[in-house]
Amino acid sequence: MSIDKKKLFVISGSSGVGKGTVIKSLLSRHDDIKLSISYTTRIPRPGEKEGINYFYVTKTQFTKGVDNGEFLEWAEFSGNYYGTKKSFVIDSLEKGEHVLLEIDTQGALQIKKQMPDAVLIFIAPPSYDELVSRLRGRHTESEEAIQKRLKFVEFEKNNSKHFDYIIVNDTVENAVSQIENIIG
Ligand code: 5GP
């Protein structure tokens with residue numbers, strides 16, 4: 001599958017890096033960018049809404065979607081499944097719209113394989129040491145949970161080597177304007 005122009009943008013980033021805020025700010029300034037709403041098997045967090053944050057489905061429904069080839073990519077993250085609906089992305093690209101996916105690095109690399117023109121952007125923290133000490137500083141989690149998160153930070157950092165751009169989230173304004181430069 002190939003698209004003519006660079007119109008599909010994928011943003012990933014380690015948890016705790018503030019990518020949600022960056023994306024929210026970006027979308028508020030560009031109503032021509034369509035955000036793909038993912039499907040997930042995780043339980044909604046307080047305040048999250050069906051169809052706004054995610055489409056919430058059961059594991060059975062998700063697996064059926066996978067079997068029917070409905071997902072462009074999907075991945076397991078922290079014990080839950082997350083996936084991007086193929087029809088939304090393809091329809092939007094065919095209409096000539098910019099599409100933005102906010103997905104993990106495993107999903108991003110799957111997209112790049114299928115659609116080499118997709119632009120992969122990784123949002124990194126100003127300092128990994130600080131991110132690690134922030135994760136460690138939360139005394140609410142067990143050592144095991146912390147180790148799991150730290151490993152994942154390392155995994156995502158490694159995957160980011162295959163991304164087209166790595167942006168440092170020092171300030172939201174800076175990160176947004178760097179993404180705007182990429183989108184053009
Ligand atoms: P959260 O549970 O915090 O909303 O998301 C957990 C992780 O799943 C984040 O890294 C987020 O970017 C990723 N994610 C959200 N939707 C998708 C998706 O459709 N596909 C993949 N591969 N990852 C996703």
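Both ligands and their constituent atoms are indexed starting at 1 by order of listing.
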Subject >> Shortest non-hydrogen contact between K49 and N53, atoms and distance >> reply: N-OD1, 2.6 Å

Original post:
How long is the span from the CD1 atom in I23 to the CG atom in L100, to the nearest 0.5 Å?
Top reply: 5.5 Å

**OP:** Look at ligand 1 and say whether R42 reaches it with a heavy atom at a distance under 4.0 Å.
**Re:** yes

**OP:** Quick one: look up the protein heavy atom nearest atom 23 (N) of ligand 1 and list residue, atom name and how far away it is.
**Re:** D104 N, 3.1 Å

Original post:
At what distance is the nearest protein heavy atom to atom 11 (C) of ligand 1, and which residue and atom is it?
Top reply: E102 OE2, 3.5 Å

**OP:** Answer with yes or no whether the side chains of Q147 and E143 bring together a donor and an acceptor at under 3.5 Å.
**Re:** yes

Original post:
Can you tell me the protein heavy atom closest to atom 16 (N) of ligand 1 and the distance?
Top reply: S38 OG, 3.1 Å

Original post:
Do G83 and ligand 1 have an N or O pair less than 3.5 Å apart?
Top reply: yes

Original post:
With a 4.0 Å cut-off, would you call E48 and R45 a salt bridge?
Top reply: yes

**OP:** Indicate the atoms forming the closest heavy-atom contact of Y56 with Y54, along with that distance.
**Re:** CE1-O, 3.5 Å

Original post:
Do E156 and S14 have a side chain donor and acceptor closer than 3.5 Å?
Top reply: no

Subject >> Closest approach of any protein heavy atom to atom 4 (O) of ligand 1, naming residue and atom >> reply: Y54 OH, 2.6 Å

Original post:
To which protein heavy atom is atom 20 (N) of ligand 1 closest, and what is the distance rounded to 0.1 Å?
Top reply: E73 OE2, 2.7 Å

Original post:
Backbone, side chain, both or neither: what part of F77 comes under 4.0 angstrom of ligand 1, heavy atoms only?
Top reply: side chain

Original post:
Among the heavy atoms of K19, does any lie under 4.0 Å from an atom of ligand 1?
Top reply: yes

Original post:
Of the protein's non-hydrogen atoms, which lies at the shortest distance from atom 3 (O) of ligand 1, and what is that distance?
Top reply: R45 NH2, 2.9 Å

**OP:** Give the atoms of ligand 1, by number and element, whose distance to some non-hydrogen atom of T84 is under 4.0 Å.
**Re:** 19 (O)

Original post:
Does R29 come within less than 4.0 Å of E180, counting only side-chain N to carboxylate O?
Top reply: yes

Subject >> Carboxylate-amine/guanidinium proximity below 4.0 Å for K7 and D117 >> reply: no

Original post:
Would you say K157 and Y128 make side-chain contact, with heavy atoms under 4.5 Å?
Top reply: yes

Original post:
Between W74 and ligand 1, is there a nitrogen or oxygen pair with a distance under 3.5 Å?
Top reply: no

Subject >> Residue pairs passing the ring-ring contact (aromatic ring centres under 6.0 Å, His included) test where at least one lies in residues 148-179, sequence neighbours excluded >> reply: F77-F152, F122-F163, F152-F155

Subject >> Sub-4.0 Å atoms of ligand 1 with respect to non-hydrogen atoms of G107 >> reply: 22 (N)

**OP:** Identify, by atom number and element, the atoms of ligand 1 in contact range of A75, meaning under 4.0 Å from any of its heavy atoms.
**Re:** 22 (N)

Subject >> Test item, F71 contacting ligand 1 (heavy atom, 4.0 angstrom) >> reply: no

